[in-house]
Amino acid sequence: MTPALDLLKKVRAEHRIHSYEHDPKTASYGLEAAEKLGLAPAQVFKTLLASSEKGELLVAVVPVVGSLDLKALAHAAGVKKCEMADPAAAQRSSGYLLGGISPLGQKKRLRTFIDASAQQFDSIHVSAGRRGLEVELAAAVLAEHTQARFAAIARD
């Protein structure tokens, strides 16, 4: 179990766990999950951490087929600008390893933003807190348990 799955179990949130054999040589963890689980890549979301000009860490959940629009994230967060967070800081803050960072059950509660495209699906997939482990849940459930806001923060 991971902190993400422990949280979902504790709050009795509806979810499904999917696992696959992770290849350490893969270039994209999210696309690997979509391919190995036979999922539509637009429904698989990656968790990224960004840093504002004030050093505040922010969580961004975007489709694996796109990229994070840092200007759009800054606008949604009400800050001047954002850049990708230092990988070591992201791991320290979340308690997860890169490639397995889940938006759920992070060590520190950070402001979280989910790309608005997630709302078009009955369910989405995000990391369950370990490479090779995904959790499927409704975007609204993810937003509820991360206190996230939906915003157009992804680029194709």
Review point. Would you say Gln120 has more than 12 foreign heavy atoms packed within less than 6.0 Å of its CD?
Key: yes
Check your understanding: When hydrophobic residues are tied together by side-chain contacts of less than 4.5 Å, even through go-betweens, does Ile124 share a cluster with Val62?
Key -> no
Check your understanding: Under 3.5 Å, is there a donor-acceptor pair between the side chain of Lys80 and the main chain of Glu53?
Key -> no
Exercise for review: Could you check Lys46 against Leu68 for side-chain contact (heavy atoms from CB on, under 4.5 Å), going step by step and ending with a plain yes or no?
Suggested key: CA-CA 10 Å; Lys46 56 189 170 188; Leu68 173 60; over 6 Å; no
Exercise for review: Answer with yes or no whether the side chains of His22 and Glu32 bring together a donor and an acceptor at under 3.5 Å.
Suggested key: yes
Study note, to complete from the structure: Smallest heavy-atom separation, Phe113 atom then Ala76 atom, equals CE2-O, 3.6 Å
Review point. Is it true that a side-chain atom of His15 and a backbone atom of Ala13 form a donor plus acceptor pair closer than 3.5 Å?
Key: yes
Review point. Hey, does the side chain of Thr146 reach the backbone of Leu104 with a donor-acceptor pair shorter than 3.5 angstrom?
Key: no
Review point. With distance as the sole test, does Thr2 use its side chain to make a donor-acceptor pair with the main-chain N or O of Leu5 at under 3.5 Å?
Key: yes
Point to revise | Minimum heavy-atom distance between Ile153 and Ala60, given as atom pair plus value | key: CD1-CB, 3.9 Å
**Study point:** Donor-acceptor contact present, side-chain Lys107 to main-chain Arg92, <3.5 Å
**Key:** yes
**Study point:** Side-chain donor/acceptor of Lys9 to backbone N/O of Ala4, under 3.5 Å
**Key:** no
Review point. Taking the six-membered ring for Trp, are Phe121 and Phe45 parallel (under 30°), tilted (30 to 60°) or perpendicular (over 60°)?
Key: perpendicular
Study note, to complete from the structure: To the nearest 0.5 Å, atom OG of Ser19 lies from atom CD of Glu134 at 10.5 Å
Review point. Can Glu56 and Arg111 be counted as an ion pair, charged N to O under 4.0 angstrom?
Key: yes
**Study point:** Asp115 (side chain) donor-acceptor with Ala154 (main chain) under 3.5 angstrom
**Key:** yes
**Study point:** Any donor-acceptor N/O pair, Gln91 side chain to Leu98 backbone, under 3.5 Å
**Key:** yes
Exercise for review: Quick one: do Ser123 and Glu136 satisfy side chain to side chain donor-acceptor pair (under 3.5 Å)? Show the steps, please.
Suggested key: CA-CA 6 Å; Ser123 65; Glu136 177 183 357; 2.8 Å; yes
Review point. Does NE2 belonging to His18 count more than 12 external heavy atoms closer than 6.0 Å?
Key: yes
**Study point:** Hphob cluster co-occupancy, Leu8 + Leu142, side-chain heavy atoms under 4.5 angstrom
**Key:** yes
Check your understanding: Mind checking whether Ile17 and Leu7 sit in one hydrophobic cluster, side chains of I, L, V, M, F, W, Y counted as touching below 4.5 Å?
Key -> yes
Point to revise | From CD (Glu14) to CZ (Arg16), nearest 0.5 Å | key: 10.0 Å
Revision key, fill the gap. For Ser102 and Ala128, the nearest pair of non-hydrogen atoms, with its separation, is CB-C, 4.0 Å
**Study point:** More than 12 heavy atoms of other groups within 6.0 Å of Glu35 CD
**Key:** no
Revision key, fill the gap. Closest non-hydrogen contact found for Cys82 with Ala50 is CB-CB, 4.4 Å
Review point. With hydrophobic residues grouped by side-chain heavy-atom distances under 4.5 Å, do Leu73 and Leu48 end up in a single group?
Key: yes
Check your understanding: Which heavy atom of Leu31 sits nearest a heavy atom of Pro41, and at what distance?
Key -> CD2-CB, 4.3 Å
Review point. If you draw a 6.0 Å radius around CZ in Arg131, do more than 12 non-hydrogen atoms from other residues or ligands fall strictly inside?
Key: yes
Exercise for review: List the steps, then state whether side-chain contact (heavy atoms from CB on, under 4.5 Å) holds for Gln119 with Phe150.
Suggested key: CA-CA 8 Å; Gln119 295 174 294; Phe150 290 101; 3.3 Å; yes
Review point. Which distance, rounded to the nearest 0.5 Å, do you find between the CZ of Arg155 and the NZ of Lys71?
Key: 9.0 Å
Exercise for review: Go through the steps for Val44 and Leu39 under the test side-chain contact (heavy atoms from CB on, under 4.5 Å), then give the verdict.
Suggested key: CA-CA 7 Å; Val44 180; Leu39 304 170; 3.8 Å; yes
Point to revise | Exam field: side chain Glu83 to backbone Ser51, donor-acceptor pair closer than 3.5 Å | key: no
Check your understanding: Between Tyr20 and Tyr29, which heavy-atom pair has the shortest distance, and what is it?
Key -> OH-O, 3.8 Å
Review point. Given the rule in the side-chain contact (heavy atoms from CB on, under 4.5 Å) test, do Leu110 and Ser93 qualify, once you have shown the distances and angles that lead to the verdict?
Key: CA-CA 9 Å; Leu110 303 174; Ser93 173; 3.5 Å; yes
Review point. How far apart are the C-alpha atoms of His125 and Gln43, what are their side-chain angles, what is the distance that settles it, and do they pass the side chain to side chain donor-acceptor pair (under 3.5 Å) test?
Key: CA-CA 6 Å; His125 297 78; Gln43 276 185 267; 5.1 Å; no
Review point. Under 4.5 Å between side-chain heavy atoms, hopping through other hydrophobics if needed: is there a path connecting Val64 to Leu97?
Key: no
